[in-house]
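Structure record follows, encoded as structure tokens.
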2 protein chains.
Amino acid sequence: MHDILFTFLAKYVSLTTEEMNAITSLDIIHTVKKGTTLLKEGQQSKESFFVLKGCIRTYYIIEGEEKTTAFYTEMEGLTPHCVMNDTPSEYYISCVEDSILIISRADMESEINGRFPKFETLCRKLSEERLAIQQTDFDLFKTSSPEQRYLNLLQRRPDLIQRVPQHQLANYLGIQPQSLSRLRARILEKKQ
Amino acid sequence: MHDILFTFLAKYVSLTTEEMNAITSLDIIHTVKKGTTLLKEGQQSKESFFVLKGCIRTYYIIEGEEKTTAFYTEMEGLTPHCVMNDTPSEYYISCVEDSILIISRADMESEINGRFPKFETLCRKLSEERLAIQQTDFDLFKTSSPEQRYLNLLQRRPDLIQRVPQHQLANYLGIQPQSLSRLRARILEKKQ
DNA sequence: TACACTCGTTCACTTAAGTTAAGAAATATT
DNA sequence: AATATTTCTTAACTTAAGTGAACGAGTGTA
């Protein structure tokens with residue numbers, strides 16, 4: 001399992017055997033069953049998640065309703081807001097599919113960062129890159145209509161449409177599930 | 001001017017005099033006039049921006065129209081997407097007000113990062129924090145109607161509504177300028 | 001097998017945003 | 001000061017999303 005991880009990391013820094021062993025010895029790779037809740041609202045966790053295989057989602061419960069706002073799939077990760085600023089979490093994280101995850105605690109990270117400066121470089125690059133992507137994603141969202149957003153998703157992440165329930169997709173697109181159904185019917189009509 | 005910067009940085013790491021001098025000697029603080037374009041579409045710049053005073057914005061030109069997607073004010077910064085992945089920029093950056101900025105080039109950063117590991121820690125923390133904030137902002141955007149988004153902005157960044165033109169605010173809220181006018185009139189009506 | 005539950009779709013209706021156009025107000029230009 | 005230009009608002013109309021309800025398909029459970 002670690003080879004997938006190291007292949008990915010090689011894109012950002014070249015690690016020595018010693019450094020790889022240090023990471024391996026942390027024993028941070030976990031197999032998680034579909035539906036498992038990784039973080040609950042109100043919890044003050046220090047855990048970050050990185051997806052090696054599978055899919056996880058973040059969601060809020062607003063007026064009793066689940067509102068899914070993000071999906072993370074292979075080679076994507078997130079550090080929850082509550083880890084950064086020591087506050088209770090505002091959202092939930094759960095597994096959309098059976099998944100293999102890296103679950104790391106903030107204290108483990110800072111220890112490794114201290115011992116291997118290269119690891120800090122890695123974390124910096126990863127979060128800088130992720131931030132730049134997140135910004136352009138947000139920009140695209142703002143400048144698109146719901147229908148365009150769905151068409152963008154079809155192009156950019158067709159897999160998501162297959163592996164995720166419609167009502168979660170609708171939240172993710174910022175609309176109601178009924179509107180997504182209608183919108184899809186509209187697109188199909190246009191094609192013919 | 002540097003004192004404002006160091007006061008801000010002190011929240012993340014404690015710097016020695018030597019480290020502060022290294023930063024000061026880079027001569028990266030610039031005064032920029034309102035309306036100045038800092039980055040153009042198609043350009044392949046390596047410059048990052050951090051606002052000490054004033055306000056800058058990112059915008060796209062889509063079908064001949066400016067679409068403002070983000071504002072950065074005091075103690076906020078951005079590394080454009082094009083700096084991260086060596087591609088021509090998809091957007092513009094320009095000054096909303098006369099501003100004082102830190103403009104740093106990627107090569108300067110990596111040099112300082114190499115010399116002072118502490119500086120790398122700083123950059124990592126800043127971008128991790130910014131990423132977490134950006135994520136929850138995006139979440140709030142997705143789960144809100146345009147009217148709610150405007151009310152949120154009123155609460156969270158009332159200054160922006162004062163210092164920024166309406167049509168740019170409208171883009172930022174993901175709606176047409178006319179819709180923003182209407183929506184504001186509607187809110188005023190409700191109050192009475 | 002029967003029953004309950006969730007999920008996606010469809011419909012009718014309501015509400016709000018997009019669009020086009022026009023005019024007023026504020027700014028900039030000559 | 002007069003004119004042009006940009007910015008904001010308003011209005012009428014169109015289009016699409018929100019809402020509430022109903023229905024069938026699929027899933028799980030007793």
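Below, all heavy atoms of this structure are taken into account, side chains as well, without hydrogens, waters or symmetry copies.
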Check the distance between [N]'s [atom2] and [X]'s [atom1] and give it to me in whole angstrom.
{"X": "L173(B)", "N": "dC8(D)", "atom1": "CG", "atom2": "C1'", "result": "15 Å"}
{"X": "Q168(A)", "N": "dG8(C)", "atom1": "CD", "atom2": "C1'", "result": "13 Å"}
{"X": "L169(A)", "N": "dT9(C)", "atom1": "CG", "atom2": "P", "result": "11 Å"}
{"X": "Q162(B)", "N": "dT7(D)", "atom1": "CD", "atom2": "C1'", "result": "16 Å"}
{"X": "L180(B)", "N": "dA16(C)", "atom1": "CG", "atom2": "C1'", "result": "14 Å"}
{"X": "E65(B)", "N": "dT20(C)", "atom1": "CD", "atom2": "C1'", "result": "13 Å"}
{"X": "E66(A)", "N": "dG8(C)", "atom1": "CD", "atom2": "P", "result": "12 Å"}
{"X": "Q166(A)", "N": "dG8(C)", "atom1": "CD", "atom2": "C1'", "result": "7 Å"}

Tell me yes or no: between the side chains of Q44(A) and T87(A), is some donor less than 3.5 Å from an acceptor?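 Per modelled atom types, Q44(A) and T87(A) side chains form no pair under 3.5 Å.
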Could you verify whether a donor N or O on one side chain and an acceptor N or O on the other, from S144(B) and R149(B), lie under 3.5 Å apart?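 No donor-acceptor contact under 3.5 Å links the two side chains.
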Name the residue closer to the 5' end of DNA chain C, choosing between K34(B) and I175(B) according to the nucleotide with the nearest heavy atom.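 Upstream on the strand: I175(B).
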Is any side-chain N or O of [X] closer than 4.0 Å to OP1 or OP2 of [N]?
{"X": "S179(A)", "N": "dG18(D)", "answer": "yes"}
{"X": "H167(A)", "N": "dT6(C)", "answer": "no"}
{"X": "R182(B)", "N": "dA11(D)", "answer": "no"}
{"X": "Q176(A)", "N": "dT19(D)", "answer": "yes"}

Between E74(B) and R163(B), is the closest basic N to carboxylate O distance under 4.0 Å?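 Yes.
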Please determine whether a side-chain nitrogen of the Lys or Arg among E109(A) and R115(A) lies less than 4.0 Å from a carboxylate oxygen of the Asp or Glu.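 No, this pair does not count.
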Check every strand shown and say whether P146(A) touches a base, only sugar-phosphate, or nothing at a heavy-atom separation below 4.0 Å.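 Sugar-phosphate only.
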So what does R184(B) hit on the nucleic acid, given a heavy-atom distance under 4.0 Å: a base, only sugar-phosphate, or nothing?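 Since only primed, P, OP1 and OP2 atoms lie under 4.0 Å of R184(B), the category is sugar-phosphate.
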The side chain of S181(B) lies closest to which of these nucleotides: dA21(C), dG8(C), dC8(D)?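 The closest nucleotide is dC8(D).
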Residue Q178(B), side-chain heavy atoms: nucleotide from dT19(C), dA16(C), dA17(D) that is nearest: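 Minimum distance to the Q178(B) side chain belongs to dT19(C).
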Mind checking whether Y59(B) and Y92(B) have parallel, tilted or perpendicular rings, split at 30° and 60°?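 Answer is parallel, since the angle falls under 30°.
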